[in-house]
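Contents: one structure, followed by commentary.
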Amino acid sequence: MYISEMSITGYKNAKEKSTIKFNEGLNVLVGENGSGKTTIINALRLILRENEFSYMNISEDDFYISLDKKSSSDKIKIDLTFESLTPDEEVTFLTWCDADFKALLHLEVNSNPNRKGYYKKEIWGGNSKSSIFEDETFDCIDCIYLPPLRDAEEKLTNGKKSRLAQLLKKQYGDQKEILVNSVKEFNDNITNNTDGKYNEISLAKSNINGKLNETLGQRLGQSINLQFADTSFSKIVESIKMVFFPNSNETDPNKFRDIATNSLGYNNLLYIATVFAELELLKDNNLMTVLLIEEPEAHLHPQLQVKFIKYLQEMSESLSNTQIFITTHSPVLASSISIDKLVHIVEKGNQIISTPLGLIQLGDSKNYLERWLDVTKSTLLFSKGIILVEGISEAMLIPVFAKVVLAKYNKAAIENSKQLLPNSLEEAGVSTININGINFKHFMKLFSCLDDSTDEVKLPLFCSGITDNDPPKDVIPIYDKDGELKKDKDGDPLTKSIEVYPLPSNRPLGSNSALSLIDKINKSRWGRLYGSPLKTFEYDIAMEKNTKIMARTLKELWPTKDGKITKFCDEIISRDNNYTDETSLSNDSKFLLEHIDNDEVGKGVYAQAFTDLIDLEINGELKGLNKDKSNLESILENISKIVLIPKYLEDAILWACGGETGE
């Protein structure tokens, strides 16, 4: 059986009833900070009575309270649904089952503490509080929790809290006598000095007893004995400690070292491996094991993270009675497993919203996303908003363009007494994702309805895409030097294709196949796709009368400083973005595009230099901001004029940031 669903009300950041669906086996909870991942883990610990880390008590801080502290929840309610029970489990959990043999478990806590300050917890199974509830049923569920900042060394060191001791106790089961008798025999040899090998210990014991007798006398004195260890089974296994060697397959016990000298990352893995060994022992009994791991990536380099998560996935598939829940902020982990195992978590309107990616109908895009959702692209799972772009130029320039767009937006918001947006994509928690092409349909299925996908389950994140118009080339006939039309061997006219540089007054239809997706995507709740109105990213930016700043950038990058290219850049700069007709503007924009997309420069190099120049000018303006911010509107206006952003880019940025786009 497995936990298929949990609902949380009034607990931590979940004021409203929040229903979270889970996968059988492995569940990797992803999402931004504060989304509710830890709330989910702690709710599971609470209702399943995880007690190793003393998570049995409720405090005032566990009840939801609003940020302004004006409202709070009057009770906590947590409900679990278990599905796919085996016949034996149906019998074991009969008092929890409904008519469909789904096991239901409920926990309710009232916000009024008793006189001692404790909060009363009510727990019951099935549909009714009055149902028969047998506490012993909990013995059939083992909940193991590994915290995010775990002290692995402490848990592996010998003592009462030793995880190794817990493993050994389960490993031995009822077969304890051999170990106990062996240790007792060794102890007795020391205590009695049977073979005369321990004269020094016997002498020390005699001397101490003699001094006790001299000091206190026989009437008030005590006697001592010296022995190796307590010979009870629990004390024996709690005395065993773990040591390590940096490489595998070492057998010489003299080479092993104390784990205090090991790295934090490897000690974490040793600790987790001990827990896994414990799970292996439980696989053949009727015990359901719920393993909760927070941030397993702590102290692990990327290769170890990949190895670890793949092993967890394999283990979850081989242990049918084990369900694993992981929280992570690591794109490495998120990109290393099947997307079916990912559960996206976000907090909206005082409610935790979960979206198992396996429930999103991706159709033929699933295999594509499995291959291409790499470390960079999987950052979309940890964002508040996403901007999908075609290439490296957009990926570098969009974040700095966003500073200009948001400055313009916030100036207007101040004037109209509206809510301000953050000043940058970083502050807004928005990621710019380079999808390296125009395959928007695959990624957009996560957010909108396309092809054979439905709109039932989507990631509840604002996602925009930016794509080029890419008008078709003009086909023109070829003439010879005498003006005669050239023909091929079959007598057909020879032609050639030439690039088109559209004018705003004559916008051609684009040949980019992604443009056909716009209408359908833009009807969705979360997705938007914006196409350039004219040609390409760089050309459309230039056509917005940004030729001066773009020519400055090109001039700095061009390898020959006194040639015709730099001279023409100077001419463009001297025009100061003033054009009497759109044809002249198009000619300069064409020149810039042709020399940006050139082996001498390249789009990526140009985008980096252009980004640096805009950032430099933005930072220069921000340095003039008064301490009391009395000149903020003036600063924002100046920033908004550094570069004029085409409307399609402006809309894409504002959509991802949750702003008004004027639709």
Side-chain angles (χ1 to χ4, degrees), residues 389-394 436-440 466-518 530-548 550-551 553-555 557-575 577 579-607 610 646 648:
V389 298
E390 291 184 7
I392 189 65
S393 297
E394 295 93 328
N436 296 306
I438 59 172
N439 290 313
F440 291 95
I466 298 167
T467 192
D468 291 338
N469 189 42
D470 291 333
K473 294 180 179 181
D474 275 347
V475 179
I476 61 171
I478 301 174
Y479 296 91
D480 62 21
K481 61 182 179 180
D482 298 323
E484 294 291 327
L485 181 64
K486 286 187 173 184
K487 297 181 179 181
D488 61 19
K489 62 182 181 179
D490 297 322
D492 295 323
L494 290 175
T495 60
K496 64 178 180 180
S497 299
I498 61 170
E499 289 285 348
V500 173
Y501 294 88
L503 302 178
S505 59
N506 183 26
R507 298 181 180 182
L509 292 174
S511 61
N512 178 0
S513 60
L515 299 174
S516 64
L517 304 173
I518 289 177
Y530 300 95
S532 66
L534 299 176
K535 184 174 176 63
T536 63
F537 181 69
E538 293 83 2
Y539 180 80
D540 281 56
I541 294 167
M543 287 296 291
E544 205 69 24
K545 293 188 177 180
N546 292 306
T547 52
K548 180 179 180 179
M550 293 180 72
T553 307
L554 180 60
K555 180 183 176 182
L557 292 172
W558 200 258
T560 54
K561 301 302 180 186
D562 55 356
K564 62 180 182 179
I565 304 302
T566 53
K567 287 180 180 178
F568 197 78
C569 285
D570 285 332
E571 290 180 24
I572 295 175
I573 293 168
S574 68
R575 282 191 267 277
N577 296 322
Y579 295 91
T580 57
D581 62 274
E582 58 185 17
T583 301
S584 300
L585 173 58
S586 176
N587 289 335
D588 283 355
S589 300
K590 173 186 175 183
F591 170 85
L592 290 168
L593 176 58
E594 288 177 341
H595 291 86
I596 289 169
D597 193 10
N598 185 291
D599 290 340
E600 300 289 346
V601 179
K603 286 188 175 183
V605 172
Y606 182 86
F610 196 19
Y648 83 103

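Hydrogens, waters and symmetry mates are skipped; everything else that's a heavy atom, side chains included, is used.
From F440, atom CZ reaches atom OG1 of T467 across 4.5 Å, with rounding to the nearest 0.5 Å. Summarising the geometry, atom CG belonging to D540 is positioned 7.5 Å from atom CG belonging to D468; distances are rounded to the nearest 0.5 Å. Distance check: K486 NZ to L494 CG gives 7.5 Å after rounding to the nearest 0.5 Å. The distance from atom CD1 of I518 to atom CG of L515, rounded to the nearest 0.5 Å, is 5.0 Å. Atom CZ of F591 and atom CG of L593 lie 11.5 Å apart (nearest 0.5 Å). Put simply, OG1 on T547 and CG on L554 are 12.0 Å apart, with the number rounded to the nearest 0.5 Å.
Listed here is the closest heavy atom pair of L534 and N469: O-ND2, 2.8 Å. Scanning both residues, P502 and M543, for their nearest heavy atoms gives O-CE, 4.3 Å.
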What verdict does the side-chain contact (heavy atoms from CB on, under 4.5 Å) test give for D492 and K487, after you've listed the backbone C-alpha separation in whole Å, the side-chain angles of each residue and the deciding distance to 0.1 Å? CA-CA 5 Å; D492 295 323; K487 297 181 179 181; over 6 Å; no

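With contacts defined as side-chain heavy-atom distances shorter than 4.5 Å, the pair W558/T553 does not qualify. Annotation: side chain of E390 is not in contact with side chain of I466 (no heavy-atom distance under 4.5 Å).
A donor-acceptor pair shorter than 3.5 Å cannot be found between the side chains of S584 and N587.
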Atom pairs and distances, side-chain donor-acceptor, residues 563-575, under 3.5 Å, sequence neighbours left out:
unit_1 : atom_1 : unit_2 : atom_2 : d
T566   : OG1    : K561   : O      : 3.1
T566   : OG1    : G563   : N      : 3.4
T566   : OG1    : G563   : O      : 3.0
D570   : OD1    : K555   : NZ     : 2.7
S574   : OG     : D570   : O      : 3.4
S574   : OG     : E571   : O      : 2.6
R575   : NE     : D588   : OD2    : 2.8
R575   : NH2    : D588   : OD1    : 3.1
R575   : NH2    : D588   : OD2    : 3.1

Side-chain donor/acceptor pairs under 3.5 Å, residues 471-483, sequence neighbours excluded:
unit_1 : atom_1 : unit_2 : atom_2 : d
D480   : OD1    : D482   : N      : 2.9
D480   : OD1    : G483   : N      : 3.0
D480   : OD1    : E484   : N      : 2.8

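Between the side chain of N512 and the backbone N or O of D470 there is no donor-acceptor pair closer than 3.5 Å.
Every pair passing salt bridge (Lys or Arg N to Asp or Glu O under 4.0 Å) that includes a residue from residues 591-604 is listed here, sequence neighbours excluded: E538-K603.
Dense packing is recorded around CD1 of I498, with more than 12 heavy atoms of other residues, nucleotides or ligands lying under 6.0 Å away.
Applying the side chain to side chain donor-acceptor pair (under 3.5 Å) test to E582 and every residue at least two apart in sequence or in another chain returns S505. With sequence neighbours excluded, the residues that form a ring pair (Phe, Tyr, Trp, His ring centres under 6.0 Å) with Y501 are Y539. Judged as a ring pair (Phe, Tyr, Trp, His ring centres under 6.0 Å), and not counting sequence neighbours, the contacts of Y606 are F610.
Using a 4.0 Å cut-off between charged side-chain N and carboxylate O, K590 and E499 make no salt bridge.
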